[in-house]
Trainee: 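One structure, pasted below without further comment.
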Amino acid sequence: MGLSNKKPSIFISHSSKDMTIARAVRNLLEDRSHFVGFFGWLQQMDDPEIEAFLDAEIRMHTWLVLIETENAHNSLWVQFEIERAKQYGKVIYTLDAQRFVSRAETTRIDMELDAELRHCVKKLSIGFRIFLSHTRPDAAFAAALHDDLTRDGFEVYDFDLNPPPAEVWQETLKEAIHEVAESG
């Protein structure tokens, strides 16, 4: 049994001053087959419209990925998004992006090609995948945990839900662990 095809939907929270970084993160996550909500045009709306729109988006998405910079820390809308995500019990992942701000603003290099940013996004994306390992006596607990994790948007591989034939068991186990650890 491979990983479930269910991917979490991700809302990217960022300061409008960090648009270059946020776009690159969005593109890199989409390249890894994640569904991403990303908005950079909200300045054309008034505050009540923005609040209602952001509230609806945060409720709709599984997770919030915060592009954490000093700009984000000082943004009232980013703080609003974080509070709403907490209010709705959403998982919040933080990508420490302050080190990318000067590169994005001064050199306008293609952030998607930035090796360090690529590594950060890959590491974040792989963290969404889980190989569930447990003993036979813990099978009932593991099944409930599998359901909870899947419902929360994680990609879960549980070898015992669909065990392979005995003759390929060990090879299949190694492939499953490799799939979870290396792809995403």
Side-chain angles (χ1 to χ4, degrees), residues 3-105 111-112 114 116-132 145-157 180-181 183-184:
L3 289 165
S4 69
N5 289 330
K6 181 182 177 190
K7 294 274 189 177
S9 61
I10 300 168
F11 180 86
I12 296 182
S13 179
H14 65 285
S15 165
S16 60
K17 294 177 181 177
D18 299 324
M19 193 65 72
T20 302
I21 299 166
R23 276 192 189 112
V25 170
R26 176 207 54 202
N27 294 345
L28 292 169
L29 285 169
E30 286 177 345
D31 288 349
R32 299 180 69 75
S33 301
H34 295 289
F35 174 75
V36 181
F38 172 83
F39 306 96
W41 45 265
L42 299 179
Q43 300 87 331
Q44 301 163 1
M45 301 166 73
D46 63 29
D47 286 358
E49 290 174 316
I50 293 172
E51 185 174 318
F53 179 80
L54 291 175
D55 182 77
E57 286 296 317
I58 291 166
R59 270 188 285 123
M60 179 184 77
H61 291 283
T62 311
W63 293 335
L64 182 136
V65 170
L66 170 62
I67 307 299
E68 187 172 44
T69 65
E70 190 166 326
N71 294 329
H73 179 73
N74 294 326
S75 167
L76 295 176
W77 288 118
V78 170
Q79 299 313 309
F80 171 83
E81 293 163 354
I82 292 168
E83 286 307 311
R84 284 298 162 96
K86 288 177 183 178
Q87 177 183 342
Y88 295 128
K90 303 294 181 172
V91 177
I92 301 173
Y93 287 94
T94 301
L95 181 64
D96 181 4
Q98 185 61 41
R99 64 186 174 271
F100 302 114
V101 171
S102 62
R103 283 187 258 174
E105 290 177 354
M111 290 302 299
E112 292 173 52
D114 186 282
E116 188 179 1
L117 180 62
R118 243 178 208 290
H119 175 74
C120 289
V121 171
K122 180 180 179 186
K123 187 175 176 182
L124 177 71
S125 179
I126 288 173
F128 302 156
R129 308 184 94 187
I130 297 171
F131 183 92
L132 188 57
L145 180 60
H146 176 275
D147 291 346
D148 287 345
L149 291 168
T150 302
R151 188 173 26 263
D152 287 342
F154 289 96
E155 296 178 69
V156 181
Y157 190 108
V180 170
S183 64

Trainee: Find the distance between CZ (Phe100) and CD1 (Ile67) and round it off to the nearest 0.5 Å.
Mentor: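 Those atoms lie 9.5 Å apart.
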Trainee: Measure the shortest side-chain to side-chain distance between Leu64 and Tyr93 over non-hydrogen atoms and say whether it is less than 4.5 angstrom.
Mentor: no
Trainee: Please check if the number of heavy atoms outside Glu70 that lie under 6.0 Å from its CD is greater than 12.
Mentor: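 Open: at most 12 neighbouring heavy atoms sit under 6.0 Å from CD of Glu70.
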Trainee: Between atom NZ of Lys17 and atom CG of Asn71, what is the distance when rounded to the nearest 0.5 Å?
Mentor: 5.5 Å
Trainee: Using 30° and 60° as the class limits, which term best fits the ring planes of His61 and Phe11: parallel, tilted or perpendicular?
Mentor: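 The rings of His61 and Phe11 sit tilted, inter-plane angle from 30° to 60°.
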Trainee: Can you name the nearest heavy-atom pair linking Ala72 to Ser15, along with the distance?
Mentor: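 What the structure gives for the nearest pair is N-CB, 3.7 Å.
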Trainee: Once rounded to the nearest 0.5 Å, what's the spacing between atom CZ of Arg26 and atom CE of Met19?
Mentor: 9.5 Å
Trainee: Quick check: does any side chain N or O of Ser9 sit under 3.5 Å from a backbone N or O of Phe35, one acting as donor and the other as acceptor?
Mentor: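 Looks like no, no N/O pair under 3.5 Å.
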Trainee: Salt-bridged, Glu51 to Arg84, with N to O below 4.0 Å?
Mentor: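 Judged by the 4.0 Å cut-off on N to carboxylate O distance, Glu51 and Arg84 do form a salt bridge.
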Trainee: Take Trp63 and Ile92 through the test side chain to side chain contact (heavy atoms under 4.5 Å, CB included) and record every step on the way to the result.
Mentor: CA-CA 6 Å; Trp63 293 335; Ile92 301 173; over 6 Å; no
Trainee: Check step by step if side chain to side chain contact (heavy atoms under 4.5 Å, CB included) holds for Asp55 and Tyr88.
Mentor: CA-CA 10 Å; Asp55 182 77; Tyr88 295 128; 2.5 Å; yes
Trainee: So which heavy atom on Arg59 is nearest to which on Lys90, and how close?
Mentor: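 Closest approach of Arg59 to Lys90, heavy atoms only: O-NZ, 2.9 Å.
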Trainee: Measure the spacing between CD1 of Ile82 and OG of Ser13 and express it to the nearest 0.5 Å.
Mentor: 5.5 Å
Trainee: Is the shortest heavy-atom distance from the side chain of Val78 to the side chain of Leu66 under 4.5 Å?
Mentor: yes
Trainee: In this structure, which one of Asp18, Ile12, Thr20, Ile10 forms a side chain to side chain contact (heavy atoms under 4.5 Å, CB included) with Val25?
Mentor: Ile12
Trainee: One pair to check against salt bridge (Lys or Arg N to Asp or Glu O under 4.0 Å): Glu81 and Lys86. What are the steps and the verdict?
Mentor: CA-CA 9 Å; Glu81 293 163 354; Lys86 288 177 183 178; over 6 Å; no
Trainee: So which heavy atom on Thr94 is nearest to which on Glu68, and how close?
Mentor: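 Looks like CG2-OE1, 3.0 Å.
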